[in-house]
Amino acid sequence: LLAAPSPSYGLIPIMAQQEELQIGVAGQAVILNCRGIPQNTAVTWKYSKAVIRLFTDTHLKGKATMTDRSEINLTSKHLKVLDLRLSDAGIYTCEYGTHTVSISLHVFKLTISLDGHFLQNEVPKLTLMQNSTHPLPNLNITLFNNNNKMVRPKLLQNETPQKYTLMLKQLEATDSGTWMCHIRSDSPLINQNISFDVKVLGFQNPDLERKYATADSTVILSWYLNFQQIKWKEGFTGQMNWKQQESATAHELLDFNVTARGEQHETKKINRFRFEIPESKPESTIQVELSKVHFNHSGQYQCQLAYNGRHTQSKIELVVMKVSADPVGPLSRGAEMTLICQVSSPLPSNAHLLWKHMNGTPIDIKKSKQHEVKVEVKVSTAGLWSCHLIEDNDSRISLNYIVEEAPVWLSYVVIGASVGGSILVFGLASLCIISGIGWQRRRQRAKRMARARQYLLENKTCQCQQ
């Protein structure tokens, strides 16, 4: 909707025969001034020779098109035309006695697409039209946003001087407010401001936000809506989705709606996904709480608004970090352990992982390469190690890992177990060899006895034949 600036009272002479120029804006009121009228003088206001109103001892109405939208001030005899239309442009005359004053009314009409109600990232279109009985001038148009900063729109090729179409940039939620269109012309001399309201429904979050969390911590994801701040008077709906990867299927976690009175209602949609809607949260906020987050919670969380079939959205990418050791447990004397720090998804180019020995020297630092999802460091001494996720040279999150030194007796137990194990293996091997040799000898003895029995049988047979 167009906001109404103060009516313009200035009259600009443009013709020698007492014709004056006055500017009006469609949808607003304009006051046409007939100067120099003596008191108690009858006045007749006409439009293109058709009577608008006649003021004598009685107040009579005429038949001009704007008669029902006009009134004469009883004191000044000025004519006020309400709810001005583009077609109201033309020559108005004020007649009193033998005098006639002519006023040329130049009317501008500024319209904004979608009635000035936009979603974040939409592109508004402004249309400026003008009408006059005189040749239409070429206009210089300047726009100022809600912070009174000059905006450079794209001027589409106008078909006639009567109509100008301007395309603005994509809107942000912070663009809500009163804007100004400044119109200027040198001939005739025009210097006119037309204000208009812009309301942008959206998020106070950026379009894409990255949030880091450590494993097993509690995370609250928040989207801040601006509908109360901009006094949005229309109902709208929305939903929140989650997917682990860009190409994965999205799962709806909750939906919500906001009534024209600003009442907000939310409904959970998935029960198997562990999250809660906090009972106590700021107004105009969509929030979910994730307890004991792990890698399966990571991914893209998208909050979407819908209004009149149009949509806008804001995403939060949750990146989870965890640390581990291989092997797990105390570090024995002379042994090595690998510490592993990893994140659930690739980091941006301005971020990296960093292992740091808190009690060590600057040499005890291991940094990940660009876009790596994990970094490993080998340690041979006990102490406190900390893994940091660094973004733009700032530590965003960190996790500690304490490498404990195994007790001396445990080292001896390990050594004894190793030695004992070696002796046991040697003993078993020796036993196996001795058993194998004994088994081989018994087998050979059995073979000799079998041959001897065979020999005896053969000799006995021969003696019986003789």
Query raised in the report: Have His265 and Asn257 got a donor and an acceptor in their side chains that come within less than 3.5 Å?
Result: no

Query raised in the report: Taking the side chain as C-beta and beyond, is there a heavy-atom pair between Val81 and Asp88 under 4.5 Å?
Result: yes

Report task. Using the six-membered ring wherever Trp is involved, compare the ring planes of Tyr307 and Trp232 and label them parallel, tilted or perpendicular (cut-offs 30° and 60°). Result -> perpendicular

Query raised in the report: Leu139 and Ser185: which non-hydrogen atoms are nearest, and at how many Å?
Result: CD2-CB, 4.1 Å

Query - Side chain proximity check, Lys125 to Ile112, heavy atoms < 4.5 angstrom - result: no

Query raised in the report: So, is the end of the Lys268 side chain (NZ or CZ) under 6.0 Å from the ring centre of Phe275 and within 45° of the ring's axis?
Result: yes

Query raised in the report: So do Val25 and Leu84 actually touch side chain to side chain, heavy atoms under 4.5 Å?
Result: no

Requested in this report: Check whether any side-chain heavy atom of Lys63 lies under 4.5 Å from a side-chain heavy atom of Ile52, and answer yes or no.
Outcome: no

**Report entry** Validation row: Arg85, Val107 side chains within 4.5 angstrom (heavy atoms)
**Finding:** no

Query - Pair Asn308, His117: side-chain N/O donor-acceptor within cut-off below 3.5 Å - result: no

Query raised in the report: Thinking salt bridges, do Asp207 and Lys315 make one under a 4.0 Å N-O criterion?
Result: no

Query raised in the report: Is there side-chain contact between Gln244 and Ser344, with at least one heavy-atom pair below 4.5 Å?
Result: no

Query - Sub-6.0 Å ring centroid separation between Phe203 and Tyr224 - result: no

Query raised in the report: Which is it for Ser291 and Arg274 under the side-chain hydrogen bond (donor to acceptor under 3.5 Å, both in side chains) test, yes or no, and what are the steps along the way?
Result: CA-CA 8 Å; Ser291 300; Arg274 295 193 310 168; over 6 Å; no

Query raised in the report: Between Glu71 and Arg53, is a salt bridge (charged side-chain N to carboxylate O under 4.0 Å, His left out) present by the stated rule, with each step listed?
Result: CA-CA 8 Å; Glu71 59 186 40; Arg53 288 189 179 271; over 6 Å; no

Report task. State whether a side-chain donor-acceptor pair under 3.5 Å links Ser395 with His388. Result -> yes

Query raised in the report: Heavy-atom distance under 4.5 Å between the side chains of Glu95 and Lys46, does that happen here?
Result: yes

Query - Ion pair Lys374/Glu372, N-O distance below 4.0 Å - result: no

Query raised in the report: What pair of heavy atoms forms the shortest contact from Gln264 to Thr285, and how long is it?
Result: NE2-O, 3.0 Å

Report summary line: Of Lys169, Lys199, Gln170, the one forming a side-chain hydrogen bond (donor to acceptor under 3.5 Å, both in side chains) with Asp175 is Lys169

Query - Exercise: identify the closest heavy-atom pair between Leu166 and Ile141 - result: CD2-CG2, 4.1 Å

Requested in this report: Find out whether Val198 and Asn146 are in side-chain contact, i.e. whether some heavy atom of one side chain is under 4.5 Å from a heavy atom of the other.
Outcome: no

Report task. Could you tell me which non-hydrogen atom of Glu172 sits nearest to which non-hydrogen atom of Gln120, and how far apart they are? Result -> CA-CG, 4.4 Å

Query raised in the report: Cation-pi between Lys322 and Phe295: NZ/CZ under 6.0 Å from ring centre and within 45° of the ring axis?
Result: yes

Query raised in the report: Is the closest side-chain donor-acceptor distance between Gln130 and Gln162 under 3.5 Å?
Result: no

Query raised in the report: Relative to each other, are the rings of Trp242 and Tyr301 parallel, tilted or perpendicular (30° and 60° limits)?
Result: tilted

**Report entry** Heavy-atom pair with the smallest gap, counting every atom of Met321 and Leu399
**Finding:** O-CD1, 3.5 Å

Query raised in the report: Are Ser386 and Lys356 close enough that a side-chain donor and a side-chain acceptor fall under 3.5 Å?
Result: no

Query raised in the report: What are the two closest heavy atoms between Ser380 and Glu336, and how far apart are they?
Result: CB-CG, 4.2 Å

